[in-house]
4 protein chains.
Amino acid sequence: MALSRAVKRKENLASSDSKRDLIIAAARRVFESEGLEGASLRGIAKEAGYTPAALYFHFDSKEALYAEILAESLEALAKRVNAAFRSETDLENRLRRAAMAFYYFYSANPRDLDLGFYLFKGGMSPVGLGKERDNKLNDQLWEALAPINQAFLDLGQDEDQAKALTAGTFAHTSGMLLLEHTGRMRLFDTTGELLMHSYLDNQLKLIADKS
Amino acid sequence: MALSRAVKRKENLASSDSKRDLIIAAARRVFESEGLEGASLRGIAKEAGYTPAALYFHFDSKEALYAEILAESLEALAKRVNAAFRSETDLENRLRRAAMAFYYFYSANPRDLDLGFYLFKGGMSPVGLGKERDNKLNDQLWEALAPINQAFLDLGQDEDQAKALTAGTFAHTSGMLLLEHTGRMRLFDTTGELLMHSYLDNQLKLIADKS
Amino acid sequence: MALSRAVKRKENLASSDSKRDLIIAAARRVFESEGLEGASLRGIAKEAGYTPAALYFHFDSKEALYAEILAESLEALAKRVNAAFRSETDLENRLRRAAMAFYYFYSANPRDLDLGFYLFKGGMSPVGLGKERDNKLNDQLWEALAPINQAFLDLGQDEDQAKALTAGTFAHTSGMLLLEHTGRMRLFDTTGELLMHSYLDNQLKLIADKS
Amino acid sequence: MALSRAVKRKENLASSDSKRDLIIAAARRVFESEGLEGASLRGIAKEAGYTPAALYFHFDSKEALYAEILAESLEALAKRVNAAFRSETDLENRLRRAAMAFYYFYSANPRDLDLGFYLFKGGMSPVGLGKERDNKLNDQLWEALAPINQAFLDLGQDEDQAKALTAGTFAHTSGMLLLEHTGRMRLFDTTGELLMHSYLDNQLKLIADKS
DNA sequence: TATGAATGAGTATTCATTCAT
DNA sequence: TATGAATGAATACTCATTCAT
């Protein structure tokens, strides 16, 4: 008749988690339409169909909620980049695919970029977040970059070289996204996508030339 | 009596302008110590020795004041980059010097970077700023990038190529500054300066290889 | 099966009571470290290892919980004062001991004083508490004052005189504790303890002079 | 025709001050009807016919507003006690009058007592107030007690004795007010006023006996 | 008996901006 | 040109309490 306690608890947990997810989803929606600064706890709560106070049952603070969103975003990013990496066997294309996956992800979700910069600002958040969360986010970021790093290793670069190349690619991509996001790309009559491809071609050429 | 009206007006204008500059200087000081989010009109007014209301005689809005600061910053940046460009006769070093001047400027004044991103966000400001000001800022930005573009032209690139190369250099530099500013460079055991040099070396090598 | 229902109920009762005591103890701890204003139901619940909602099974309201704590405190106070009274046979010292026991109790537990003032404020609590509880607390307070009253009776005062003397001693002691608690005693380069002794000496002298 | 600037400024000042006083008066009214805990900035602002934000133009914080009220209260108290002291030439009655003026003041304005205890709690306020204000309040308190102290001096007590006697009188009065304020006086079938008189008579008798 | 989830009312304070003077 | 005074909307967050489960 009745469900066993264990099952019930599981269901509650699922329900609880799904509520968290509901709130996070609502927060994402608000972010997307209002931007980071425009997204208030009140607004998020309203969008989620809750009282502001209710959110505090699920998240310790606004920043913690933000961090959760960023974490989910980074997770999705990492999945995307890894999938792109794995979808290719050609070593050169692997790099291209992985790096472009990174680029396309943020090109499609520009607000997530803001979020990342906001929470990473100064290397730590102003309010809470704390070191543990910073470390966690760093780890997640690295997981998204790891395929790119691996691609460079696979192309014959040693560990230090690969790391530097990954950093360069990350920076280049971030900058490119920034220019597009802030509408400055118009100055140059070109697109970030094009420039990304050219950057990657150059990297591959340079690597090929070395050997 | 003593002074003619015309002279008086001129003096007032001068005095007015110097007051503007005083306010802008105060705002810069506040930005540097408090950051973009921490800088309030009240705080700026206090630092300038004025009432908040007084600032509205000199600037239409907070954003307008910000824009003015950004304009000054871009002007200083342009001067710096141009001077670096002119200080060199060797074509390759010209590029290096100009690009690194850009990098060093923001590395030393990271808050100015924030300001730029903030005001350029979305291609237009939320409140005022308007198209004219956006255009003006774009022009100023281009003035800071022009020497880099010229260096590429001098290295034998055609106009389109130079523009794309300038865009790439701009993006790369911006991304690098971003990574450093947000403390993410630590992930890679290297520095933005080093990576900048390596990027520029690669660009020069690729150009040389082409011909 | 094994245990009879009656026994079970008793056990439950005992268990319930011990839980109550656990909560009260937790609340006391929170009071002592956070003060009256700083003590929230949430904090108390956490300290007790419960959910806030759980406390409502044991206490009708926050005020009711407070009242319980005050009741325990008054009980302890009464015990202390009675013991002090009984520990002496000399009539004059009996008064001194009893009154000083009162003083020392609150001097050591200043938060309990706050609690008393808070709950007694206006003669009744804002929310619940009600008349029964007020009467109960009054009774308990009187039990703590009874030894002092008895001491005055033993010193030959009639009932009315003793009551008035008790009231005076109570007021004097309370005021003294208040001055110390609020740091105002510093104005006078003396201590509450000293002044208490001098007050009691005077009372005894006045009584002696009368006869 | 027009008013001179100096006059205008004076008027403005007067107007500004009167607005402060208006707010303070409103705050007092709210205190009296709602009590200390029930008095919120919002409520005070509403009562004063202002927006909460407007109060911050006149007072730095809620605590600062409270402190101002307490300061005014203490000033009025001091005036009252001094006047009582001066109205008498008979040395014994001087003490009586001054001490009873103190008592009557708080008996008529019991909320002011709360305010004093609240702001003096722990010798310093939790939020702001700061040492300067604490010192100022202490000074004001002493000004209200000075006549009592003088009365003891006039009765032939040396400085130390007078100080201790003043402390004792202050404590006794405070305690008496407390008992009345919290409705505990009912336990003793007497009144604070009566007990105050009897306390003062005793003090005078003890002083007379000494010499 | 206890929890998880939620509420609604409340908190002090800050913000950019306006306007009469 | 500048101020003093004020606004209205917003902010994140806390509270005691309730209720279905």
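Order of the sequence lines fixes the chain letters, A, B, ..., with proteins taken first and strands second; residue numbering starts at 1 for each chain. Since we're looking at a predicted model, the values are computed, not measured.
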Partner residues of A:Lys136 under the side-chain contact (heavy atoms from CB on, under 4.5 Å) criterion, sequence neighbours left out: A:Ala71, A:Gln140

Qualifying residues under side chain to side chain donor-acceptor pair (under 3.5 Å), relative to A:Arg42, sequence neighbours excluded: none

List in chain and number order the residues that pass ring pair (Phe, Tyr, Trp, His ring centres under 6.0 Å) with B:Tyr50, two or more places apart in sequence or in another chain; answer none if no residue qualifies. none

Which residue lies more 5' along DNA chain E, comparing B:Tyr56 with D:Tyr66 via nearest heavy atoms: D:Tyr66

Would you indicate, yes or no, if F:dA10 has its OP1 or OP2 atom less than 4.0 angstrom from a side-chain nitrogen or oxygen of A:Ser40? no

Using the side-chain contact (heavy atoms from CB on, under 4.5 Å) criterion, which residues pair with C:Tyr56? Sequence neighbours excluded. C:Leu41

Give the C-alpha distance, both sets of side-chain angles, the deciding distance and a yes or no for side chain to side chain contact (heavy atoms under 4.5 Å, CB included) between A:Leu36 and A:Phe117. CA-CA 11 Å; A:Leu36 226 184; A:Phe117 295 154; over 6 Å; no

Would you say a side-chain N or O of D:His58 is under 4.0 Å from OP1 or OP2 of F:dG4? no

Separation of D:Asp60 atom CG from E:dA12 atom P, in whole Å? 16 Å

Of the nucleotides F:dT17, E:dT17, F:dT7, which one has an atom closest to the side chain of D:Thr51? F:dT7

Partners meeting side-chain contact (heavy atoms from CB on, under 4.5 Å) with C:Leu70 (sequence neighbours left out): C:Leu74, C:Leu115, C:Leu119, C:Phe120, C:Leu137

Side-chain contact check for B:Ala53: nearest option of F:dC13, E:dC19, E:dC15 is E:dC19

For D:Thr51 and D:Ala54, indicate whether the former's side chain and the latter's backbone hold a donor-acceptor pair under 3.5 Å. no

Dot-bracket for DNA chain E, 5' to 3', Watson-Crick and G-U pairs with both distances under 3.5 Å, [ ] for crossing pairs, | for partner on another strand, reads .||||||||||||||||||||

Listed partners of C:Glu72 passing side chain to side chain donor-acceptor pair (under 3.5 Å), at least two apart: none

Tell me: CG of A:Leu55 to P of E:dA6, nearest whole Å? 10 Å

Rounded to whole Å, please give me the gap between CZ in A:Phe57 and P in E:dG8. 17 Å

Could you measure the distance from the CZ atom of D:Arg111 to the CG atom of D:Leu113? Nearest 0.5 Å is fine. 11.5 Å

Set of residues satisfying ring pair (Phe, Tyr, Trp, His ring centres under 6.0 Å) with respect to C:Tyr66, sequence neighbours excluded: C:Phe31, C:Tyr118

Shortest side-chain distance from A:Ala54, nucleotide among F:dC13, E:dT7, F:dA16: E:dT7

Taking only the side-chain nitrogens and oxygens of C:Lys19, find out if one of them lies under 4.0 Å from OP1 or OP2 of E:dA2. yes

Under the rule for salt bridge (Lys or Arg N to Asp or Glu O under 4.0 Å), what residues qualify as partners of B:Glu32, not counting sequence neighbours? B:Arg28

I need the CD-C1' distance between D:Glu63 and E:dT13, as an integer number of Å. 13 Å

For D:Phe59 and F:dA5, give me the distance from atom CZ to atom P, rounded to whole Å. 12 Å

If you pin A:Leu41 and C:Ala39 to their nearest nucleotides in DNA chain F, which one's is more 5'? A:Leu41

Residue-level proximity of residues 42-50 of chain B to DNA chain E when a heavy atom falls under 4.0 Å: B:Arg42

Quick one, which residues of residues 29-38 of chain A touch DNA chain F with a heavy atom under 4.0 Å? none

Using the test side-chain contact (heavy atoms from CB on, under 4.5 Å), find all partners of B:Glu47 that sit at least two apart in sequence or belong to another chain. B:Ala26, B:Arg29, B:Val30

